[in-house]
Amino acid sequence: MSITVKFFASLRETVGKDEAILDPARAQTAQQAWEAATDGREMPANTLIAVNMEYAGADAAVTDGDEVAFFPPVTGGGGDVLR
Amino acid sequence: MSITVKFFASLRETVGKDEAILDPARAQTAQQAWEAATDGREMPANTLIAVNMEYAGADAAVTDGDEVAFFPPVTGGGGDVLR
Amino acid sequence: MSIKLLGEAFDPWRELQRHQAGNPQLAGKYGATSVFVGTMRDFNDGADVERMVLEHYPAMTQKHLQAIATEARSRWEILDTLIIHRFGEIHPNDAIVLLAVWSAHRRASFPACRYLIEELKSRAPFWKQEISGEDARWVTHNTPG
Amino acid sequence: MSIKLLGEAFDPWRELQRHQAGNPQLAGKYGATSVFVGTMRDFNDGADVERMVLEHYPAMTQKHLQAIATEARSRWEILDTLIIHRFGEIHPNDAIVLLAVWSAHRRASFPACRYLIEELKSRAPFWKQEISGEDARWVTHNTPG
């Protein structure tokens, strides 16, 4: 019985962990999952959220068995300047 | 001292030759070169003309040493239906 | 429709050869193939970035690339698509992404190929980190074009 | 900038490999490669066309492909272009034309590649003839897309 929280890229380094396992009682929304997994840290403004691999808002519902991911803006692909 | 006249693709078959060499005195325009090279045949409506490898109109000047070409609409490339 | 995530360098042209050879049912059906390859450039503005590390969110990446390809097929008449994206350590001149679209006509293959790269860059969960010696710096945003 | 007119079948992907291998000065400079390959399709509307013969006007073809490539370079920031066009006898699934553009950014490579094929199809002096047994029929016009 748990919610899996994942952090990627610079956000993983900011929060100092790549994953947290939460008791589902601790979070009914993605925002609450963030807070429970980061000990109440403020979420950076440009954070992207995915619930079960789909983009979602901070108020998206989360429930037992869900995977909630937090990450910075994506920078994949090629064919552009990097700086 | 001559003007070279060339015919391509279906037009080559229509006029029954791929090349004619003209006395420059016989043609001052591409139109006149066509007439001299085809014994006065009428030029099909969609005929394209090139003088020295550049597209030109029927009234384009031609002179000694020039190469005048007559051909139907172009159909090169790929990636389309042929019929 | 084929999607590959690769942890090692690949030759995009060999992958295209292989894909066509492995899909003989396509032969004679397509008149148009549009391909885009995104490649890591040198950093010639004085910075000595030696390589990049490309992190991704594997399950979500796979799912989103699939969704993007499916969306392209619903918008244009496409016979097949191939998407290959690198992750891990990447060096200058390495291909990062390969996108290919096979269709009967170029009026489908061109916009579909462009659509794939724009969607991929805005939605697929990849993150680039530039490495210079001991120094690692996250790339914070993609440029639009 | 390379332009080839070929009388025999070619593998577009091998040509791209070869072109990049032969131009090591490009390595690390391009971030974007856009490619278009036009291929002969089967004739599946009941007609039994077995092959085509593609006639051209060699000196003018070379000159016009050169002009089209030069025009593309003046419109977009392009590092290199490769144009290969077949002539002579062509069979289903043969590549007819290959167009490739290397540039720093995809905002240049995509429109330049599209420009090359549209200009080539409207200006380059090639003529297709379909062959069915003893029967030869000139293709009278290209479709727009």
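Both backbone and side-chain heavy atoms feed into the values below; hydrogens, waters and symmetry mates do not. Per chain, numbering begins at 1; letters A, B, ... match sequence-line order.
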How would you list, in number order, the residues of residues 9-18 of chain A that have a heavy atom less than 4.5 Å from chain C?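 Against chain C, the residues of residues 9-18 of chain A that fall inside the cut-off (heavy atoms, under 4.5 Å) are Ala9(A), Ser10(A), Arg12(A), Glu13(A).
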Hey, which residues of residues 29-52 of chain A are touching chain C, say heavy atoms under 4.5 Å apart?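 Residues in range: Ala50(A), Asn52(A).
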So which part of His56(C) gets closer than 4.5 Å to some heavy atom of chain A, the side chain, the backbone, both or neither?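 His56(C) touches chain A through backbone heavy atoms alone.
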**Request:** Let me know if Ala124(C) has heavy atoms under 4.5 Å from chain A in its side chain, its backbone, both or neither.
**Result:**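 Backbone only.
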Shortest non-hydrogen contact from [X] toward [Y]:
X	Y	result
Lys128(C)	Gly77(A)	NZ-O, 3.3 Å
Thr75(A)	Val139(C)	CG2-O, 3.5 Å
Pro73(A)	Thr140(C)	CB-O, 4.0 Å

query = Does Gln25(C) CD have over 12 foreign heavy atoms under 6.0 Å away?
reply =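 Yes, enclosed.
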Worksheet item: If you count the non-hydrogen atoms of other residues, nucleotides and ligands that lie under 6.0 Å from CD in Glu19(A), is the total more than 12?
Response: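 Count over threshold, so yes.
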Notebook entry, point to check: Atom CZ in Phe71(A), atom CD in Glu55(C): separation rounded to 0.5 Å?
Noted result: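 These two atoms lie 11.0 Å from each other.
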How about Tyr57(C) and Glu67(A): do any of their side-chain heavy atoms sit closer than 4.5 Å?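 Touching, per the 4.5 Å side-chain cut-off.
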Is there a side chain to side chain contact (heavy atoms under 4.5 Å, CB included) between Glu54(A) and His64(C) once you walk through the steps?
-> CA-CA 8 Å; Glu54(A) 293 293 340; His64(C) 271 250; 4.0 Å; yes
Worksheet item: What class does the angle between the rings of Phe8(A) and Trp127(C) fall in, given that below 30° is parallel, 30 to 60° is tilted and above 60° is perpendicular?
Response: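 Parallel: the ring planes of Phe8(A) and Trp127(C) meet at under 30°.
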